[in-house]
A.B. asks: 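First, the structure itself, so that you have it in front of you.
Naming convention: chains lettered A, B, ... in sequence-line order (proteins, then strands); numbering from 1 in each chain.
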Amino acid sequence: MSTKIALSNLSKSFPSRSAVITAIDNVSLDISSGTFCVIVGPSGCGKTTLLRIAAGLENKTSGEFSIVREDLRRPLNAMVFQGDSIFPWMSVWDNAAYGLKMRGVGSGEIREIVSHYLDRTGLLRFSEYFPHQLSGGMRQRVSIARAFANDPEVLLMDEPFSALDEQNKLILQEELLRIWEEHKKTVLFITHSVDEAVTLGDKIVVMTASPGRIKAVVDIDLPRPRNILELRRDPKFGKLVFQIWGYLRAEVDAARARAS
Amino acid sequence: MFFGERLIGIISPLLLLAVWEVFVRVGWISPQFFPAPSSIVEALIKLSRSGELWLNVSASLRRLVFGFVIGGVPALVLGIIMGLSRPIRLFIDPLIASTYPIPKSALLPLVLLIFGLGENSKIAMVAMGVFYPVIMNTVTGVLQIPKIYFDVGANFGASRWEIFRTVALPGAAPFIVTGIKLGIGMGLILIAIAEMVGADSGLGYMIWNAWQLMDVETMYVGLLVIAFLGFVFTLLLDELERWLLPWRKTI
């Protein structure tokens, strides 16, 4: 399959008072079209920085980052942010339609697309609600609907479920997989949860503690469509979690040693 | 319980009025300084029948509205721009910080000198009073908007104007409304002062003229009407707030 996202020798460093801090160090990676790619790493490994560079919210220091464009009308990316990111002053509907409105898509088309994704996320009957009337899980669904509705070349997700409780997390992971199966867009998903990574991903990139480098890339050959509960019973799932934990373990310890 | 609490709130002013009325009638306080509420109401009826009251109220209201728009709209726009752009904020902040502490009433002679005795000087006074609270609250309002919302705007391709319209303005709106409320209070203070000097209409003029004629009842009518206007403005703004900011949890 063709390459969709290409990183070559990507580096990012921040100047700080005493020294220059390297967040990402020489990362090279090819993600092919239609891949659900998950990046796992200990906190502070620069994975969020990597995603912010992908989203165009942060500049890289050196190296290359590119997303291959297939359709000029599509935006390059749309991001599902960590934590609350839907506008409190807009209804669920207006939040989900935000990207389309900013792109000047016709109102008829907006209606069609937004109602589709609000329906898929179970939010259609809450269209007129404001975010403060919704639970945390529902707010994150709006954020997911907003990103999917914008129909980007690449979807970026920055620990979208980290603020949710275990049950909500499971339900939203399942919903995400279901919606993703429709078009199989290329996804770059960040998490610190190994379970989540194996559950969702086709390809898992393990990063080292700061500076962030690639420690290992693991292909997940679990069949799709996936049923999350069934998946957990699969011995292969356990093996993969164990394998990835093996890579991550040393990095988490290193990050903790540095912090203390 | 709720009804009872409301009742307490009504009782205290009524009690004050009753005590006042009785004290005047018994002769314990001088009607020269504190005319009985009943005679103030009488004066109110007389002034509104003659059309004099409405003439003065409408003159003040017109100045308030013009001053409000002329001072408030630029303050709102400039405030949002300052909130969004750090260089512009750093450039303009010292100007505001250094002129804000000047009592606006102390500027009246200068304003009269520049704008003359006509309408413009009154409007200018109100505009100045409204400008400061609106701009300061708007800047604070934009600065307190969580950064993530600007990230969302940028990520979803919002232009500068769209960031202004869809993020900065609604995000700062609760603070802007507070600024407007403070601004209207300041406008009422300044219009009363401005009309006392070199005006021939308005509530301030009415009060000042009554003082010169030793017509104490009319003075009280003027105070009463100003208080009433302030009360009505507050109600209207609360209603406006409910309508403009339906997304707020606690209104």
A.B. asks: Less than 4.5 Å to any heavy atom of chain B: does that hold for the side chain of A/L76, its backbone, both, or neither?
C.D. replies: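 Neither part; nothing is under 4.5 Å.
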A.B. asks: Could you give the distance from CG (B/D93) to CD1 (B/I88), rounded to the nearest 0.5 Å?
C.D. replies: 12.0 Å
A.B. asks: Check step by step if side chain to side chain contact (heavy atoms under 4.5 Å, CB included) holds for A/W180 and A/F189.
C.D. replies: CA-CA 12 Å; A/W180 177 76; A/F189 187 108; over 6 Å; no
A.B. asks: Using a cut-off of under 4.5 Å on heavy-atom pairs, state which of B/A154, B/G157, B/G171 scores highest against chain A.
C.D. replies: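 Highest number of pairs under 4.5 Å: B/G171.
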A.B. asks: Which atoms of B/T166 are under 4.5 Å from chain A, going by heavy atoms: the side chain, the backbone, both sets, or neither?
C.D. replies: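 It is both, since atoms from each part get that close.
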A.B. asks: Does any backbone or side-chain atom of A/P75 lie under 4.5 Å from a heavy atom of chain B? Answer side chain, backbone, both or neither.
C.D. replies: neither
A.B. asks: Please test A/D71 against A/D151 for side chain to side chain contact (heavy atoms under 4.5 Å, CB included), starting from the C-alpha separation and ending with a verdict.
C.D. replies: CA-CA 10 Å; A/D71 186 341; A/D151 190 25; 6.0 Å; no
A.B. asks: Checking B/R63 against B/S201: is there a side-chain donor and acceptor pair closer than 3.5 Å?
C.D. replies: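 Indeed, the side chains of B/S201 and B/R63 share at least one donor-acceptor pair under 3.5 Å.
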A.B. asks: So which part of B/I163 gets closer than 4.5 Å to some heavy atom of chain A, the side chain, the backbone, both or neither?
C.D. replies: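 Neither part, no heavy atoms under 4.5 Å.
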A.B. asks: Please flag which part of A/R146 lies under 4.5 Å from any non-hydrogen atom of chain B: side chain, backbone, both or neither.
C.D. replies: both
A.B. asks: What residues, two or more places apart in sequence or in another chain, satisfy salt bridge (charged side-chain N to carboxylate O under 4.0 Å, His left out) together with A/K12?
C.D. replies: none
A.B. asks: Does any backbone or side-chain atom of A/Q82 lie under 4.5 Å from a heavy atom of chain B? Answer side chain, backbone, both or neither.
C.D. replies: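 Only the backbone of A/Q82 comes within 4.5 Å of chain B.
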A.B. asks: Does the salt bridge (Lys or Arg N to Asp or Glu O under 4.0 Å) test come out yes or no for A/E196 and A/K169, once each step is laid out?
C.D. replies: CA-CA 9 Å; A/E196 184 166 77; A/K169 192 181 288 187; 5.6 Å; no
A.B. asks: For A/D94, is it the side chain, the backbone, both, or neither that has a heavy atom closer than 4.5 Å to a heavy atom of chain B?
C.D. replies: neither
A.B. asks: Treating A/T3 as the side-chain partner and A/S32 as the backbone partner, does any N or O pair qualify as donor plus acceptor under 3.5 Å?
C.D. replies: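 Absent.
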A.B. asks: Given heavy-atom pairs under 4.5 angstrom as the criterion, report whether the side chain, backbone, both or neither of A/F87 touches chain B.
C.D. replies: both
